Amino acid sequence: MALIVQKYGGSSVGSVERIQAVAARIVKTVQAGNEVVVVVSAMGKTTDGLVSLANQIARQPNRREMDMLLSTGEQVSIALLSMALLEIGQPAISLTGTQVGIVTEAAHTRARILEIQTERIERHLEAGKVVVVAGFQGISSFEDLEITTLGRGGSDTSAVAIAVALKASCCQIYTDVPGILTADPRLVPEAQLMSEITCDEMLELASLGAKVLHPRAVEIAKNYGMPLVVLSSWTDDPGTRVISPTPQPRPLTGLEITHPVDAVEFDTDQAKIALLRVPDRPGVAAQLFTEVGREKLDVDLIIQSIHEGNTNDIAFTVSQQASRQAEAVANAIAPVLRGNNSNLDAAEVNVQQQIAKVSIAGAGMIGRPGVAAQMFNSLAQAGINIQMISTSEVKVSCAIAAEECDRAIQALCETFEIATSPVQLRTAALDTTKIDNRQSPVRGVALDLNQAQLAVLQIPDRPGMAAKIFSLLAKQNISVDMIIQSQRCRFIDGLPTRDIACTVAQGDAEDARQVLTAAAAEFGWGEVVVEKAIAKVSIVGSEMVGAPGVAARMFAALAQQQINIQMIATSEIKISCVVPQEQGVIALQTIHAAFNPHSADV
Ligand code: ADP
Ligand code: ASP
Ligand code: MG
């Protein structure tokens, strides 16, 4: 007899009829010989309605009271679903998070799960009941019994965590789409269903805006190797399997806060090419990377920083062997990028031959802002200057001087208590077949309209400044992505300064600005600027490594629509661009069409 955890989302239990249909589906699973634990969300848009009520009373509602309010939505749906099950003769019982014993951190509205008691659920299962558990909620401790919630969309996380705690054979997430598609079908009607996706790819997509799964649910599935499937509440189709590698053994206590970093990785064979003062207009990144791709050069990281005046800086890394050729391409294209504007100087090309990339790898890096900050701190304490940063949900990488690589590895292994040997990576060679044949290396595309750009200007150029900034943000629990330092120095009172920009959730932008502004005098940086009217569009695929043609194709697609790219940041398996907010949806559609990602799946 298998134990299956099923989770039904808001729209799946959005009406009495739908609750009855869900009950019938559950009974089918029981009749097939399974024990079933069900996790449900609040009905339909109930949670949105509750948030709106709170916002009518307070501009920033008290977080504890918010949890008290929001947790009521799920209490309604568990009771109704249990009644529906009982009504058709299926023994069932509903339990709140408190009754189960889902213990979380005390952080109201964004609590992480620490531990799940299993006795009460197991007792009811043994008595032949279906157990219906309220998703999205927990308690801070058995003494305080303070109700907490996990963050919007958190029922997915409850379901996977309960599956792990009960050692279930799988966790099924039932929702209003047939599974995980190559893009949000509401925005891209041509989006195609994938039969499977790796958990790293799904972690990236989820943290870049694909809200079909809560990123933390994927993180738990990856960490504990829990089989996870996303499928439709309305059909019997098989949906999408999220594939996890075999995990290292982990304790079930501190469930969502265990060891976020699995490995330290490095690549000592990198060189950095920077183009300073390229014009800020659509098509420039496309032109540059089309040329780079034509020379079949293996590009690893790419960043484009915020612009000062009407020019940008673009930097990328290649293998050292390729650096001369990359430099030649950059020198040849620099004057061309001016276009017809003879008032502009040609971009200045700057090459640094001996660069190393050190990375920490795991799951949930962006979701746990403290981890990146810890990495920057560890490097700063070793006196190592960070030249480029690449963030992603599964990895944070820093480009540093090659001669400092050994010290960096040692510092990072100590900081993150990594006992295994560091993994040496190679900048992958360009495999042109990946680009030229119909197989798309891009698995999915995502759009996030809820991000803001945060820029800290005129930061003194010395080791430790990124660590200061991101530690301050991490202390406020503010997650950041797309961290970009400007390539050129501006001299203020004779001292070199750089700007650092990143993206944060819009809801965090004002807090972030205040925290960093308050620290400006102490650390010597200048103004902190927030820009909210941005969209972040991203492509994700684990086969993108070593395929520079992919970046060029993404940038060219945006250029064709005359969409100006404000920021670029990459990791090994994703490329993200910040574009004007009003062009976000068209950017997503254009990129999806350019890659036709489904061809990877056939
Ligand atoms: P639930 O209430 O079941 O948790 P959500 O609304 O949280 O449902 O998530 C399902 C929605 O996610 C879909 O209706 C779809 O619009 C959206 N979505 C975004 N990106 C994707 C994607 N790549 N694949 C499938 N759905 C997606
Ligand atoms: N009801 C909660 C929300 O709307 C949790 C969830 O649906 O996953 O965010
Ligand atoms: Mg959801």
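Start at 1 and go down the list; that is how both ligands and their atoms are numbered. These numbers were taken from a predicted model, which means no experiment stands behind them.
Interface of G154 with ligand 2, defined as ligand atoms under 4.0 Å from a residue heavy atom, comprises 5 (C), 8 (O). Under a 4.0 Å criterion applied to the non-hydrogen atoms of T175, ligand 1 contributes the atoms 1 (P), 3 (O), 8 (O), 10 (C). Every atom of ligand 2 is numbered from 1 in the order shown, and the set under 4.0 Å from a heavy atom of T47 is 1 (N), 2 (C), 3 (C), 4 (O).
Summary of contacts: the protein heavy atom closest to atom 7 (O) of ligand 1 is K211 O, 3.6 Å. Protein heavy atom nearest atom 14 (O) of ligand 1, with residue, atom name and distance: R186 NH2, 2.6 Å. Closest to atom 2 (O) of ligand 1 among all protein heavy atoms lies G10 N, 3.0 Å. Looking only at heavy atoms of the protein, atom 9 (O) of ligand 2 is closest to R152 NE, 2.6 Å. For atom 27 (C) of ligand 1, the closest non-hydrogen atom of the protein is V212 CB, 3.5 Å. Closest to atom 11 (C) of ligand 1 among all protein heavy atoms lies D176 OD1, 4.0 Å. In terms of protein heavy atoms, atom 7 (O) of ligand 2 is closest to S41 OG, 3.1 Å.
Side-chain contact annotation: T148 with T104, donor-acceptor N/O pair under 3.5 Å present. Under 3.5 Å, the side chains of S141 and E146 contain no donor-acceptor pair of N or O atoms. Judged by distance alone, the side chains of T182 and Q192 never bring a donor and an acceptor atom under 3.5 Å apart. When only modelled atom types and interatomic distance are considered, T72 and Q75 share no side-chain donor-acceptor pair under 3.5 Å. Under the 3.5 Å distance criterion, with hydrogens and angles disregarded, a donor-acceptor pair is assigned to the side chains of T29 and Q6.
In this structure, G153 falls outside the shell of residues with a heavy atom less than 4.0 angstrom from ligand 1. Residue G73 places every heavy atom at 4.0 Å or more from ligand 2. For the ligand labelled ligand 1, residue K7 lies inside the 4.0 Å heavy-atom shell. Heavy-atom distances between G179 and ligand 1 reach below 4.0 Å in at least one pair. In this structure, H214 falls outside the shell of residues with a heavy atom less than 4.0 angstrom from ligand 2. Using a 4.0 Å heavy-atom cutoff, G444 is absent from the residues neighbouring ligand 1.
For R368 and E256, the salt-bridge test fails: no basic side-chain N is under 4.0 Å from an acidic carboxylate O. Taking the charged nitrogens against the carboxylate oxygens, D262 and K395 have no contact shorter than 4.0 Å, which rules out a salt bridge. Look at R25 and D236 and you find a salt bridge, because one of the NZ, NE, NH1 or NH2 atoms lies within 4.0 Å of a carboxylate O, short of that distance. Taking a cutoff of 4.0 Å between a charged side-chain nitrogen and a carboxylate oxygen, D481 and K536 qualify as a salt bridge. Ion pairing of R110 with D67 is absent here, as no side-chain N (NZ or NE/NH1/NH2) approaches a carboxylate O to less than 4.0 Å. Salt-bridge formation is not detected for the pair E219/K222: no Lys NZ or Arg NE/NH1/NH2 atom is positioned less than 4.0 Å from an Asp or Glu carboxylate oxygen.
Considering backbone and side-chain atoms alike, G153 places an N or O below 3.5 Å from some N or O of ligand 2. For ligand 2, the polar-atom distance check finds an N/O of S155 within less than 3.5 Å of one of the ligand's N/O atoms.
Between I180, D184, L205, it is D184 that holds the heavy atom closest to atom 15 (C) of ligand 1. When L193, L181, V230 are ranked by how near their heavy atoms come to atom 23 (N) of ligand 1, first place goes to L181.
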- Message: With side chain to side chain donor-acceptor pair (under 3.5 Å) as the criterion, how do E201 and S542 come out once you've worked through the C-alpha distance, each side chain's angles and the decisive distance to 0.1 Å?
- Response: CA-CA 7 Å; E201 289 169 325; S542 36; 2.8 Å; yes
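At a heavy-atom cutoff of 4.0 Å, ligand 1 is contacted by the side chain of V177 but not by its backbone. With a 4.0 Å heavy-atom cut-off, ligand 1 is reached by no atom of A446.
Judged by distance alone, the side chain of Q506 and the main-chain N or O of Q451 form a donor-acceptor pair under 3.5 Å.
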